[in-house]
**Student:** 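Quick one: structure below, then a few questions.
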Amino acid sequence: MAEETKKRVVVVGAGVIGASIAFELQRRGLAVTLIDKAEPGRGTSYGNMASIALDFVAGSGPSIWRKMPGWLLDPEGPVWLRPSYAAKMLPWFLRFLAAGRPSRLRAIEDAGMSLSQRALSDFRQMLEAIGAPELMTEEGCLAIYETEAEFAADRGHLAMMQRYGLEFEVLSNGAIQYYEPALSPSIAKAVLLPDNKSIRDPYQLVVKLAEAAKAAGAAFVSGAVRNIERRGDGTAVVLLEDGSRIEADSVVLAAGVHTRFLAEKLGEPIPLETERGYHTQIMKPGISMRYSMIWPARAFMVTPTAGGIRVGGNVELAGLDAAPDFRRPRVLVRHAQRALPGLKLEEATDWMGHRPALPDTIPIISPSSKMPGVFYATGHGHLGLTYAATTARLIGDMVTGLKPPLDITPFRIDRY
C-alpha cells in the first residue's frame, strides 16, 4: 500500500492494550501513531500480575454483596475504601450494585466469557507475530483454599467454569504439594487451572509490542492528549498539551482510567474509576514456584515473573491523586507467607498502579456514539493483560470496517 494512501490512525495510550492495538493496526497496513506521556509499558501495565486469567469473575453479585461490609470494615481486607473518597464513589457504587442483580449477572458472565474463550488463542497468535512466543509460560495457575469452608464458598465460581467448559482439577492434601512443593501443608484444597497462563515479564511484553509496531512503520509521540476535534472532511485532529496537532482518519482511546477525561470532552461520560492495585516484587524470594497462585478468599495472587516472585492484587478505592499507602502490599506479603512459609522478603520493591474499572466488570470496546472515527478500548479492570490481544483484534476489525468475530453489543460505550 502506497504511503500516501494509508489510513492514518492515532492510538492514545501505550500500555498493553494500546501497544497491542498499535501493533495490530500497523500490521494490517495502517499508518499508526502511538501517543503516551510515558514510555510504552511504564504505566499500569508495568505492574500487573502477569496472568492470562480465563476464568472471568463478575465483580458484583449476591455473593460479593454479602462479603463487602466485612471487607470494607477490615483494614487488612481485600477491598479498602478511603473515607475521604467515599462520597465520590457513591454513583459508581450504585451502578456496581445494579450490575450484580441476578437478572443481569448471566448476561455479564456471557459477555466476559465471550472474550475469555478467545483470549488464549489470540494471545498466542500475537506473541508469534512479534516473534516472542517464549514470553508466555506453559504452566497453569493454582487457586488455593485454606479451609473446606473457603472451598465451599467458591463453588459458585467452579460451577460457572463448568458451564462455560473451562478445564480445572480439584486437588487435596498431598497432591497439592506434588504440584507446588512450596505451598504449606495447611492448604486444604487447590484447584488447578491449566489454561490460565503467565507472562514472564509484562513490561517486556509491552516493550516488544511497541518495538514490533515501530519496526513495521508506526511512530511514537511522547505527550499528553488534551482533546480531539473532528473536521468537516471527516478527519480528526488530536490536540496535545504542548500545542502539537496530529491529523488522523481514526483515533483509538486506550489510555486506561485517563480515557474518561477525553470521553467527557467528547460528550459521552463513562463511569470509569480507578481500582488502585499494589504489588511487591521480590527478587530474592528464597523459594521457586512452578505455578502462579491465587487465593480467592483473600483476593490476591503470587506469580513468578520479571526475574523474581510478585505478590499483588487487592483493591483500594481512593481516586487518582491520593498518595500510595504502602502498608497495603505488606499485608499481601504476610498472607502470601502464610501459604508459602519459605517465602523471604529480600531485594523487594513496592509498586502501585491504577486499574481502569467499570461497575459491570466488562470493558468498553466500541466505536464512539458521538464522533465518527473515534473508538474506545478501556475499562478492562483486572483483565487488561488477558484481553489485550482479543481487544486489539476487535478494534482492528472495527477500524478497518470488518465484521468482528463476536458480538460487540455488550461492550458498547452507550450501554450505561
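Small disclaimer: the values here were computed from a predicted structure and weren't measured.
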**Student:** Can you measure from CZ (R104) to OG (S60) and round to the nearest 0.5 angstrom?
**Tutor:**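 Reported to 0.5 Å precision, the distance equals 11.0 Å.
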**Student:** Could you check whether E76 pairs with R327 (Lys NZ or Arg NE/NH1/NH2 to Asp/Glu carboxylate O, under 4.0 Å)?
**Tutor:**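 No salt bridge links E76 with R327.
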**Student:** So which atom in A339 and which in W295 form the shortest heavy-atom distance, rounded to 0.1 Å?
**Tutor:**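 For A339 and W295, the tightest heavy-atom pair comes out as CB-CZ3, 3.8 Å.
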**Student:** Give me the one residue out of L115, L383, L120 that meets side-chain contact (heavy atoms from CB on, under 4.5 Å) with T390.
**Tutor:**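 One option only clears the test, and that one is L115.
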**Student:** Please determine whether a side-chain nitrogen of the Lys or Arg among D249 and K7 lies less than 4.0 Å from a carboxylate oxygen of the Asp or Glu.
**Tutor:**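 Salt bridge between D249 and K7, a charged N being under 4.0 Å from a carboxylate O: no.
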**Student:** Taking the six-membered ring for Trp, are H335 and F300 parallel (under 30°), tilted (30 to 60°) or perpendicular (over 60°)?
**Tutor:**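 If you compare the ring of H335 with that of F300, the planes turn out tilted.
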**Student:** Verify the distance criterion only: is there a donor paired with an acceptor across the side chains of S20 and E24 at less than 3.5 Å?
**Tutor:**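 No donor-acceptor contact under 3.5 Å links the two side chains.
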**Student:** For C141 and M301, which heavy atoms make the closest approach, and how far apart are they?
**Tutor:**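 So the two residues come closest at SG-CE, 4.3 Å.
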**Student:** Would you say E247 and T235 are linked by a side-chain donor-acceptor pair, where the criterion is simply a distance under 3.5 Å?
**Tutor:**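 E247 and T235 do not have a side-chain donor-acceptor pair below 3.5 Å.
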**Student:** So, for A19 and A210, which heavy atoms are closest and what is the spacing to 0.1 Å?
**Tutor:**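 Where A19 meets A210 most closely, the heavy atoms are CB-N, 4.4 Å.
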**Student:** Does K67, at its NZ atom, have more than 12 non-hydrogen atoms belonging to other residues, nucleotides or ligands within less than 6.0 Å?
**Tutor:**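 Buried by this count: over 12 neighbours within 6.0 Å.
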**Student:** Can T305 and T303 be counted as having a side-chain donor-acceptor contact under 3.5 angstrom?
**Tutor:**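 Absent: no donor and acceptor within the cut-off.
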**Student:** Of all heavy-atom pairs between R355 and V315, which one has the smallest distance, and what is that distance?
**Tutor:**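 Answer, listing the atom of R355 first, then V315: NH1-CG2, 3.8 Å.
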**Student:** Verify, without hydrogens or angle tests, whether S114 (side chain) and A111 (backbone) share a donor-acceptor contact under 3.5 angstrom.
**Tutor:**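 Yes; at least one donor-acceptor contact below 3.5 Å.
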**Student:** Set out, in order, the CA-CA distance, both residues' side-chain angles and the distance that settles side chain to side chain contact (heavy atoms under 4.5 Å, CB included) for K6 and L30, then state yes or no.
**Tutor:** CA-CA 5 Å; K6 283 188 177 182; L30 283 65; 6.0 Å; no
**Student:** Ignoring hydrogens and angles, state whether a donor on the side chain of E268 or S368 is under 3.5 Å from an acceptor on the partner side chain.
**Tutor:**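 A donor-acceptor contact under 3.5 Å links the two side chains.
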**Student:** Could you tell me if Y387 and S116 have a donor-acceptor pair between their side chains, going purely by distance under 3.5 Å?
**Tutor:**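 On atom types as modelled, these side chains qualify, holding a pair under 3.5 Å.
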**Student:** Which atom pairs, donor and acceptor, lie under 3.5 Å between side-chain atoms of residues 169-176 and protein residues at least two apart or in another chain?
**Tutor:**
none

**Student:** Sub-3.5 Å donor-acceptor pair from the side chain of R101 to the main-chain atoms of A98, do we have one?
**Tutor:**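 Flag set: sc R101 to bb A98 pair under 3.5 Å.
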**Student:** Find the distance between CG (L240) and CZ (R226) and round it off to the nearest 0.5 Å.
**Tutor:**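 Here the interatomic distance stands at 8.5 Å.
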**Student:** Closest heavy-atom contact between V251 and A236?
**Tutor:**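 It is CG2-CB, 4.0 Å.
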**Student:** Which residue pairs pass the salt bridge (charged side-chain N to carboxylate O under 4.0 Å, His left out) test when at least one of the two sits in residues 38-64, sequence neighbours left out?
**Tutor:**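 Sorted pair list comes back empty.
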**Student:** Can you name the side chain to side chain contact (heavy atoms under 4.5 Å, CB included) partners of Q162, sequence neighbours left out?
**Tutor:**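 Q162 satisfies side chain to side chain contact (heavy atoms under 4.5 Å, CB included) with F168 once adjacent residues are dropped.
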**Student:** Can you pull out every salt bridge (charged side-chain N to carboxylate O under 4.0 Å, His left out) where at least one residue sits in residues 397-416? Sequence neighbours excluded, please.
**Tutor:**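 Non-adjacent pairs meeting salt bridge (charged side-chain N to carboxylate O under 4.0 Å, His left out): R28-D397, D360-R415, R412-D414.
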**Student:** If I take atom CZ from residue R393 and atom OG from residue S121, how far apart are they, to the nearest 0.5 angstrom?
**Tutor:**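 One gets 8.5 Å once the value is rounded to the nearest 0.5 Å.
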**Student:** How many angstroms lie between NE2 in H380 and OG in S45, if you round to the nearest 0.5 Å?
**Tutor:**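 Atom-to-atom, H380:NE2 and S45:OG are 10.5 Å apart.
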**Student:** Verify, without hydrogens or angle tests, whether E273 (side chain) and A357 (backbone) share a donor-acceptor contact under 3.5 angstrom.
**Tutor:**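 Not confirmed, E273 side chain does not pair with A357 backbone.
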**Student:** List in chain and number order the residues that pass side chain to side chain contact (heavy atoms under 4.5 Å, CB included) with A153, two or more places apart in sequence or in another chain; answer none if no residue qualifies.
**Tutor:**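 Checked A153 against side chain to side chain contact (heavy atoms under 4.5 Å, CB included); zero matches.
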**Student:** Would you say T361's side chain and G59's backbone share a donor-acceptor pair under 3.5 angstrom?
**Tutor:**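 Indeed, once roles are kept as given, a pair shorter than 3.5 Å links the two residues.
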**Student:** Knowing that exactly one of V225, V11, L266 qualifies, which makes a side-chain contact (heavy atoms from CB on, under 4.5 Å) with L253?
**Tutor:**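 Answer to the side-chain contact (heavy atoms from CB on, under 4.5 Å) test with L253 among V225, V11, L266: L266.
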**Student:** Look only at the side chain of Q117 and the backbone of G165, and say whether a donor-acceptor pair between them is shorter than 3.5 Å.
**Tutor:**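 No, the answer is negative, given that no donor and acceptor are paired below the 3.5 Å cut-off.
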**Student:** For R310 and N48, indicate whether the former's side chain and the latter's backbone hold a donor-acceptor pair under 3.5 Å.
**Tutor:**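 Flag set: sc R310 to bb N48 pair under 3.5 Å.
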**Student:** Charged N to carboxylate O below 4.0 Å: is that the case for E146 and R338?
**Tutor:**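 The answer is yes: the pair qualifies as a salt bridge.
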**Student:** Given side chain to side chain contact (heavy atoms under 4.5 Å, CB included), test Y291 with L193 step by step and report yes or no.
**Tutor:** CA-CA 10 Å; Y291 296 91; L193 306 167; over 6 Å; no
**Student:** Using atom types as modelled and distance alone, determine if a side-chain donor or acceptor of Q204 lies under 3.5 Å from a backbone N or O of K208.
**Tutor:**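 No, the answer is negative, given that no donor and acceptor are paired below the 3.5 Å cut-off.
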**Student:** Does the side chain of Y164 pick up a donor-acceptor pair with the side chain of D110 at under 3.5 Å?
**Tutor:**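 Indeed, the side chains of Y164 and D110 share at least one donor-acceptor pair under 3.5 Å.
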**Student:** For Y46, I'd like to know if atom OH has over 12 heavy atoms of other residues, nucleotides or ligands within 6.0 Å.
**Tutor:**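 Open.
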**Student:** For the residue pair A348 and T280, what are the closest heavy atoms and their distance?
**Tutor:**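 It is CB-CG2, 3.9 Å.
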**Student:** May I have all residue pairs that pass ring-ring contact (aromatic ring centres under 6.0 Å, His included) and include part of residues 70-92, sequence neighbours excluded?
**Tutor:**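 For residues 70-92, and leaving out neighbouring residues, the ring-ring contact (aromatic ring centres under 6.0 Å, His included) pairs sorted by first residue read W92-F96.
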**Student:** Return each pair, listed once, that meets ring-ring contact (aromatic ring centres under 6.0 Å, His included) where at least one residue sits in residues 135-154; pairs must be two or more places apart or across chains.
**Tutor:**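 Sorted pair list: Y145-F151.
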**Student:** Residues in side chain to side chain contact (heavy atoms under 4.5 Å, CB included) with A389, at least two apart?
**Tutor:**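 Result, side chain to side chain contact (heavy atoms under 4.5 Å, CB included) vs A389: D122, F123, M126.
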**Student:** Can you name the residues that form a side chain to side chain contact (heavy atoms under 4.5 Å, CB included) with H354, not counting sequence neighbours?
**Tutor:**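 Applying side chain to side chain contact (heavy atoms under 4.5 Å, CB included) to H354 gives T44, V257, T274, R276, L320, M352.
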**Student:** About how many Å separate CD1 of I17 and CD1 of I395, when rounded to the nearest 0.5 Å?
**Tutor:**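 Separation between the atoms: 9.5 Å.
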**Student:** Got a donor-acceptor contact below 3.5 angstrom from the T378 side chain to the G256 backbone?
**Tutor:**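 Checking the backbone N and O of G256 against the side chain of T378, a donor-acceptor pair under 3.5 Å is found.
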**Student:** If only atom types and distance count, is the side chain of N196 paired as donor or acceptor with the main-chain N or O of G140 below 3.5 Å?
**Tutor:**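 Side chain of N196 to backbone of G140: no pair is present.
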**Student:** Among pairs that include at least one residue of residues 175-203, which meet salt bridge (charged side-chain N to carboxylate O under 4.0 Å, His left out), considering only residues two or more places apart or in two chains?
**Tutor:**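 Applying salt bridge (charged side-chain N to carboxylate O under 4.0 Å, His left out) to every pair that reaches into residues 175-203, excluding sequence neighbours, yields E138-K197, E148-K189.
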**Student:** If I take atom OG1 from residue T391 and atom CD1 from residue I364, how far apart are they, to the nearest 0.5 angstrom?
**Tutor:**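 Here the rounded value is 12.0 Å.
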**Student:** Where do V302 and M289 land on the side chain to side chain contact (heavy atoms under 4.5 Å, CB included) test, with the steps shown first?
**Tutor:** CA-CA 9 Å; V302 183; M289 294 179 65; 3.6 Å; yes
**Student:** Output every pair passing salt bridge (charged side-chain N to carboxylate O under 4.0 Å, His left out) with a member in residues 362-377, not counting sequence neighbours, ordered by first then second residue.
**Tutor:**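 Residue pairs passing salt bridge (charged side-chain N to carboxylate O under 4.0 Å, His left out), neighbours aside: none found.
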**Student:** Judged by atom type as modelled, is there a donor-acceptor pair below 3.5 Å linking the side chain of T33 to the main-chain atoms of V10?
**Tutor:**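 No, T33 side chain to V10 backbone: no donor-acceptor pair under 3.5 Å.
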**Student:** How would you list, by chain and number, every residue that makes a ring pair (Phe, Tyr, Trp, His ring centres under 6.0 Å) with W65, sequence neighbours excluded?
**Tutor:**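 Expected list: none.
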